[in-house]
Each structure stands twice: as C-alpha cells, then as structure tokens.
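Encoded as structure tokens, the structure appears first; notes follow it.
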Amino acid sequence: MITTRWIQFTRSLALALLFVSTAVAQDARDTAAETKSHSDMLARLGKIANEAKTIHKYHGDKAAKQLWAQLEQEGDNAGWKLRLDAALAHMRLANTIASIDILKKASDEMRAGRLKGGLDEASSIVFYLGMAYMRQAETENCCARSTAESCILPLRGEAIHTKTEGATKAIPCFELVVANRPADDYWHLSARWLLNIAHMTLGTWPDGLKEERRMPIDALQSQFKLPHFENVAAKTGMDMFAMLGGVIVDDFDGDNDLDVLLSLWSADGVMRYYRNDGNGTFSERSKEANLTGITSGINMFQADYDNDGDLDVVILRGAWLYNNGRHPNSLLKNRGDGSFVDVSLAAGFGETAFPSSQADWADIDNDGDLDLFVGNESTPKIHSPCHLFRNEGDGTFVDIAAEAGVENLGYTKGASFGDYDGDGLADLFVSNLASENRLYHNLGGNKFENVAPKLKMEEPIASFPTWFWDYDNDGKLDLFVAAYSTGVGHVAGHHLGIKVADSNYDYMKLWRGDGKGGFTNVAKEMGLDYPALPMGANFGDLDNDGWLDFYLGTGDPYYYNLMPNLMYKNMGGSQFADVSMSGGFAHLQKGHGVSFADFDFDGDLDVYSVMGGAYVGDPAYNTLFENPGFGNHWLCVQLVGTDSNRSGIGARIHAVITENGKTRSVYRHVNSGGSFGANPLRQTIGMGTAGKIDLLEIHWPRTGKTQTFQDVTPDRMVRITEGSDEIETVTAKKTTIGG
C-alpha cells in the first residue's frame with residue numbers, strides 16, 4: 001500500500017530532479033550562448049585586424065604608401081614638407097634607414113640652395129634627421145637586447161651603446177638646431193635635451209659636451225636616495241618586446257599567487273597570459289587560456305562581475321583611431337579552470353562600439369554586484385557617448401549612461417570611482433583630453449550630477465590618467481589627475497630654469513579631499529610641479545611605510561619625446577620626492593600599463609611596466625623592477641564580499657598602528673589603482689616598524705557595516721570574509737624572481 005509519506009517523498013524528489021534538470025538545461029543554454037558569443041567576437045576581431053593592416057592610423061601602411069608614391073613621382077621637385085612627411089612615415093613603420101636617406105638628402109639640398117626653405121624648415125629637417133639617427137641608435141642597442149640597465153637614466157654599464165654610429169651622427173644634427181634657435185625656443189630646448197641623451201649613450205657625458213650645452217647635474221639626481229630596484233623582467237620571460245599595451249597582475253587561477261595578463265595594441269596583437277608557477281617563474285599559457293584571436297586591447301581592468309569567485313576582465317579597444325576605432329570591447333568571463341570565454345555579445349555590451357581605452361568597476365546602486373563605466377573618445381569626427389553598464393545580476397548588462405547623466409561626450413582618457421563624500425555611494429571622476437574634466441556625484445537612484453564646475457575641478461584641460469586614493473592617510477579620499485600637454489622641451493626648460501616661449505602647459509593636479517565633498521589642489525606644495533607627460537600610471541607603497549607612492553609612465557607617440565619615467569615617494573603625506581634616478585625607474589622608453597604587485601610574495605611591492613610606443617617602429621622591452629626590501633612590516637589583505645560584491649571593490653580598510661610610541665592610521669580603498677594598468681585587488685598595507693596592527697577595520701560598501709579585529713599579527717597574507725569573525729591566513733610560498 002502506497003503511504004501518504006511515500007507520495008510526498010516522490011513528489012519532492014520529482015520536483016528536485018525537475019529543478020536540477022532545469023538548472024542543467026539553463027547552464028547548457030548559457031554555455032552555448034557564451035560559446036557563440038566568443039566565436040562571433042573572434043570573427044569580428046579577425047576582420048578588424050585584417051583591415052587595420054592598411055587603414056590603422058599608427059600601424060597601417062596605406063597613408064605611408066601614398067606619401068612614398070607622391071615623393072617618387074615628384075622626385076627632385078618635391079618640397080621639404082612632403083619629404084619630411086614621407087621620412088616620418090618610414091620611421092614610424094620601422095624603415096629607419098630609408099627615413100635617414102630622405103632627410104639627409106633634403107638637408108644637403110637645403111644647404112646647397114637646391115631645396116627651398118627658411119631657418120624653421122631647415123631646423124625641422126635637421127632635427128628629425130637627428131631623431132632618425134637616435135632611433136637607429138636605440139634599434140641597434142637598447143632595443144636589440146634586453147638587459148637590466150638598458151635605457152635607464154643615468155645610463156651606465158650595459159646601457160652604454162656598443163654600436164655608436166646612430167648617436168654619433170645625431171649629435172651634430174642637434175648641435176646645429178641648438179646653435180640656430182633661441183635659447184627659450186621649444187625646439188632648441190628639445191634638441192639640447194636629446195644632445196645630452198646622445199652623449200650619455202656614448203659614455204661621453206658630461207665631459208664630451210660644451211658646458212653651455214649641458215643639462216644641469218640635478219636632471220640626473222633624485223630628491224631622495226632610494227635603494228636601487230633592478231629590472232629583472234628578462235629573468236621571468238615577461239620582458240616582451242612590443243608596442244604599448246595594458247597589464248593586470250592578479251590571481252586568475254585561484255592558487256593564491258599572482259599571474260600576469262598583457263594586452264598589445266597592434267593590428268594583430270593577441271592577449272598574453274603568464275601563469276605564476278609558484279617557484280618564481282612564469283609560463284605563457286595564452287593558448288590554454290583560450291585567448292587565441294582576442295586581439296588589439298589597449299587597456300584592461302579586472303573584477304568578479306558575476307560573483308562566482310574568480311576574476312573576469314574587460315578589454316578596451318579602438319583608442320586614438322577616431323571613426324576607424326569603432327572596435328568592440330570584450331568582457332572575458334573566467335571559467336574557473338584557467339581559461340576565459342568572451343561573453344561580450346551574450347552579456348549585452350559588445351554591439352555598440354566606440355574608440356575607448358578607459359573603464360572602471362563599482363557597485364553604483366549598492367545591489368551587491370559590480371557595474372561598469374566605459375569611457376569613450378568623442379571628437380568632432382565621432383560622437384561617442386560613454387557607457388554606464390548596470391549589472392542585472394544574471395550575467396547581462398544594460399547601458400544607463402544617458403539616464404544617469406554620465407555620457408560625458410569628451411575625449412575620455414581616465415576614469416575612477418570613489419565615494420569622496422562618505423555618503424555610501426560610488427562617485428565617478430572622468431579625465432578628458434582637450435576638454436573639461438567631470439566629477440559625477442552619485443545622487444542615488446542611478447542618477448549623477450557633474451559638480452566639477454561648481455568645485456572648480458575641470459582642470460587640467462588636457463589630462464590623462466587619474467585615480468582616487470588617500471595619499472595623506474586622513475581617511476578622506478583625494479584625487480590625482482595627470483596633465484598631458486607637455487614635451488621633452490618643457491622637461492629641459494624645467495631643469496634649466498627657462499620658460500619656454502609661446503608655450504602654455506598645465507601641471508598635474510592633486511586634489512586633497514575634505515571628506516565632505518570639497519577639494520583643494522595641493523600639487524605645487526606637494527612637489528608635483530614637474531612637466532610630466534604620463535600615460536601609464538599607478539600607485540602603491542614601495543617601502544611599506546604606510547604611505548602610498550606612485551609611478552608615471554611618460555611619453556607620447558612622437559619619437560623625440562625621450563624622457564624618463566617617474567617614481568614619486570610619499571614623504572609621510574607632507575611631500576612627494578622624485579626618486580626616479582636613485583631607484584632605477586627612470587626608463588627612457590614610452591611607459592604604458594603599470595602595476596604594483598608582490599611577485600615573489602616577500603611582502604614588498606615590485607613594479608611591472610609595459611613599455612613601447614604607439615608606432616610599429618617604436619617597440620621596447622617591458623620591465624619588472626624588483627623591490628630590494630626595506631625591512632618594514634606588512635599585511636596583505638584579500639577581501640571576500642558576501643552582501644557586498646565578491647571582489648570587495650569599494651571597501652575601505654583602516655589599520656591603526658603604533659610606531660615609535662606614536663599611534664597613526666593607514667587607509668586603503670579596494671580598487672585596481674590607476675587608470676592605465678591594474679594592481680591586484682588584494683591590498684598590501686605597509687606598517688613601518690610596528691610589530692602588530694592594534695586595530696583593523698573593514699568597512700563594506702553595500703551594508704555600511706564595519707568589521708573590527710584587534711592585535712593582528714603582520715607579515716602574512718590574510719583573507720577576510722564579509723560578516724565573519726575570523727581572519728584566515730592564506731598560504732603562499734615566498735619565491736625568488738626568476739626561480
């Protein structure tokens with residue numbers, strides 16, 4: 001006889017089986033949709049890569065071939081400007097010798113009176129001839145092999161050129177420009193700077209240069225002596241020789257050590273994934289990670305957007321290309337097995353394509369999952385509203401930028417979320433090149449208001465990387481905004497104390513927050529009145545003293561802008577000191593994606609930087625600067641959200657320490673750092689000589705609740721889960737970089 005209990009059991013079992021089978025069927029449908037999304041995206045990217053070989057502004061050869069054909073057709077009747085343009089086209093496509101031949105012939109004919117042109121025209125030809133010789137020198141020396149000292153000021157050891165023809169022939173060209181231009185002229189100062197660099201490459205600086213031509217010695221000195229960080233990239237196999245790109249350093253496979261994801265901005269450049277082998281070495285696992293065919297990313301940012309416990313990645317494309325840059329961005333979903341799948345189309349944000357290099361993650365509506373701002377480049381040539389993708393919690397996104405009021409319609413080059421007024425809502429700063437910056441105050445209800453005009457925070461007008469941080473450890477978010485309106489002539493003028501004639505440029509801004517919504521620019525008094533030209537940028541605590549330092553990867557597409565990348569040390573929140581030279585960070589090649597990360601799990605942060613310029617002819621080796629150690633205590637904190645987003649983005653960490661009898665606070669806000677390059681989301685908190693953390697507080701963004709722990713033991717990595725009373729020690733092995 002069938003009992004009532006048996007009937008109830010069979011019904012429950014049937015419902016459970018139905019639920020399981022429905023879930024399995026849904027998973028199968030999701031997987032099929034993701035697979036199709038990946039396949040469709042590969043087809044689109046492949047088509048774009050093929051087209052880019054001819055029409056890409058920086059990598060294609062269509063415009064160059066037209067110039068060369070016109071030059072050949074006009075022959076000796078060609079004017080100086082056509083010759084210069086044709087020569088530069090050769091140089092940018094790595095045909096340096098052809099460039100030199102055109103410029104040398106033009107210079108000779110100008111001197112003989114057979115080619116028309118005045119002093120300005122002659123100076124241009126000779127200056128770029130010198131630059132072509134310098135590029136030859138770089139190609140034959142520092143770009144021919146990767147060494148620990150290559151391209152790093154002050155040049156010494158293996159940085160001194162062994163093939164001397166290029167720099168030797170560049171010197172008289174720059175001497176001629178210096179002699180024939182006024183002392184405050186931009187090109188005089190640029191040539192003077194490069195003249196000094198050329199002598200340095202030959203080991204003849206300063207004695208081989210007339211005193212009136214020399215740059216002052218302070219141009220090669222730091223304001224504070226920092227121990228030397230050796231470039232050990234070659235030991236890891238991650239000294240990739242390529243053009244610009246982005247970098248993320250984080251744990252993508254869940255084994256607690258840090259892996260590296262690199263993007264390449266080239267017509268057919270593919271993503272590269274380096275898995276940390278746990279012994280100080282890295283293995284390229286790009287194919288195994290399913291990244292074959294994922295091309296042309298200029299920048300990237302990581303986050304666990306689906307709260308499944310592993311890190312996903314958004315890739316930005318098409319920057320600087322105007323209407324030809326309508327390349328779709330990619331959302332790579334981490335499948336948890338060491339591989340990724342491109343779910344952009346399935347997720348709902350791969351269809352609309354505008355040129356972009358910027359994004360940032362935040363939970364703007366405090367619903368427990370991460371939303372995404374994508375900053376696009378709008379110009380008179382292309383109307384490119386920014387996107388604000390609201391996470392629907394089911395793997396899809398909806399663009400609400402228009403209704404939220406954050407379309408921006410500027411040439412977006414930086415973006416950063418941060419709750420600057422402490423109201424529990426993530427606000428957004430957008431850095432624009434050639435137009436006013438925006439500070440979008442989150443009003444709640446998915447509405448934002450631009451308060452930058454009211455707060456007088458629209459400058460610098462030409463800006464690039466930006467980030468929210470607490471540089472002075474007062475518990476209130478501050479804002480860094482880089483200026484991008486200078487060049488190597490301004491750098492020379494700065495060191496010589498010469499104001500460049502007919503040249504206006506802005507300095508970087510450091511907006512100190514009062515925690516109530518107000519800001520004051522303190523850049524000058526903090527020692528940041530240097531004409532930097534930063535692209536890649538990020539921050540971290542180099543010496544574990546509890547104060548955040550920062551690194552600027554400098555330069556632009558122009559070959560002549562050979563200027564040192566810059567490291568600034570935070571001097572206790574009262575000043576920043578330039579430590580680029582003493583620390584070994586003053587690399588001359590173009591700096592892009594930057595990440596501060598503890599590669600060897602010894603408790604201090606190393607610095608990885610993607611080098612290389614925008615043109616095919618301007619590649620360089622990436623660098624990894626190993627931290628020599630400072631003997632200070634530290635605590636690495638990984639947060640796991642439950643009510644809040646799983647990544648813990650937007651959470652605030654507050655550590656109270658006692659050092660030398662004095663109590664002070666160290667604050668960290670969970671994000672990936674600067675807006676060109678991504679740090680790990682785990683936060684390394686420097687403690688100086690303090691032997692413990694007296695009080696550790698974790699403030700969670702969604703609930704506003706604070707977890708409190710006392711007498712926390714340092715010099716380890718810990719994992720803190722939202723709502724838990726326990727601190728979990730994470731096991732990871734200290735290694736030696738390179739194995």
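A quick note: this is a predicted structure, and the numbers were derived from the prediction, not measured.
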Just by distance, no angles: are the side chains of [X] and [Y] close enough, under 3.5 Å, to form a donor-acceptor pair?
X: E726; Y: S724; result: no
X: Q707; Y: W700; result: yes
X: N307; Y: D369; result: no
X: S644; Y: E722; result: yes
X: R719; Y: N256; result: yes

If you compare all heavy atoms of [X] against all heavy atoms of [Y], which two are closest, and at what distance to 0.1 Å?
X: N538; Y: S595; value: ND2-CA, 4.3 Å
X: M457; Y: N437; value: O-CB, 4.1 Å
X: A362; Y: A426; value: CB-CB, 4.0 Å
X: N324; Y: H327; value: O-NE2, 3.1 Å
X: R317; Y: S330; value: NH1-OG, 2.8 Å
X: L311; Y: S647; value: CD2-OG, 4.2 Å

I'd like to know whether the aromatic ring centres of [X] and [Y] sit less than 6.0 Å apart in this structure.
X: F282; Y: Y274; value: no
X: F539; Y: W467; value: yes
X: W511; Y: F429; value: no

Can you label the angle between the [X] ring and the [Y] ring as parallel, tilted or perpendicular, going by 30° and 60°?
X: H592; Y: F676; value: perpendicular
X: F601; Y: W634; value: perpendicular
X: F389; Y: H387; value: tilted
X: F373; Y: F417; value: perpendicular
X: Y322; Y: Y411; value: tilted
X: F480; Y: F550; value: tilted
X: H654; Y: Y667; value: parallel
X: F340; Y: F252; value: perpendicular
X: Y305; Y: F397; value: tilted

For residues 242-250, which side-chain N or O atoms pair as donor and acceptor with protein atoms under 3.5 Å away, sequence neighbours left out?
from, atom 1, to, atom 2, distance (Å)
D250, OD2, Q302, NE2, 2.8
D250, OD2, L681, N, 2.9

Contact check, side chains of [X] and [Y], non-hydrogen atoms, under 4.5 Å:
X: V270; Y: L291; answer: no
X: V374; Y: T352; answer: no
X: I720; Y: V640; answer: no
X: D342; Y: L42; answer: no
X: L316; Y: Q358; answer: no
X: W469; Y: D478; answer: yes

[atom1]/[X] to [atom2]/[Y] distance, rounded to the nearest 0.5 angstrom?
X: D598; Y: T684; atom1: CG; atom2: OG1; result: 6.0 Å
X: N627; Y: F599; atom1: CG; atom2: CZ; result: 12.0 Å
X: F448; Y: R438; atom1: CZ; atom2: CZ; result: 14.5 Å
X: Y273; Y: N290; atom1: OH; atom2: CG; result: 13.0 Å
X: S384; Y: N376; atom1: OG; atom2: CG; result: 5.5 Å
X: K333; Y: S344; atom1: NZ; atom2: OG; result: 12.5 Å

Do any N or O atoms from the side chain of [X] and from the backbone of [Y] form a donor-acceptor pair under 3.5 angstrom?
X: N276; Y: D257; result: no
X: D306; Y: G395; result: no
X: S609; Y: T623; result: no
X: N679; Y: G540; result: no

Give a yes or no on whether a salt bridge exists between [X] and [Y], defined as a side-chain N under 4.0 angstrom from a carboxylate O.
X: K413; Y: E377; value: yes
X: D253; Y: R275; value: yes
X: K447; Y: E449; value: no

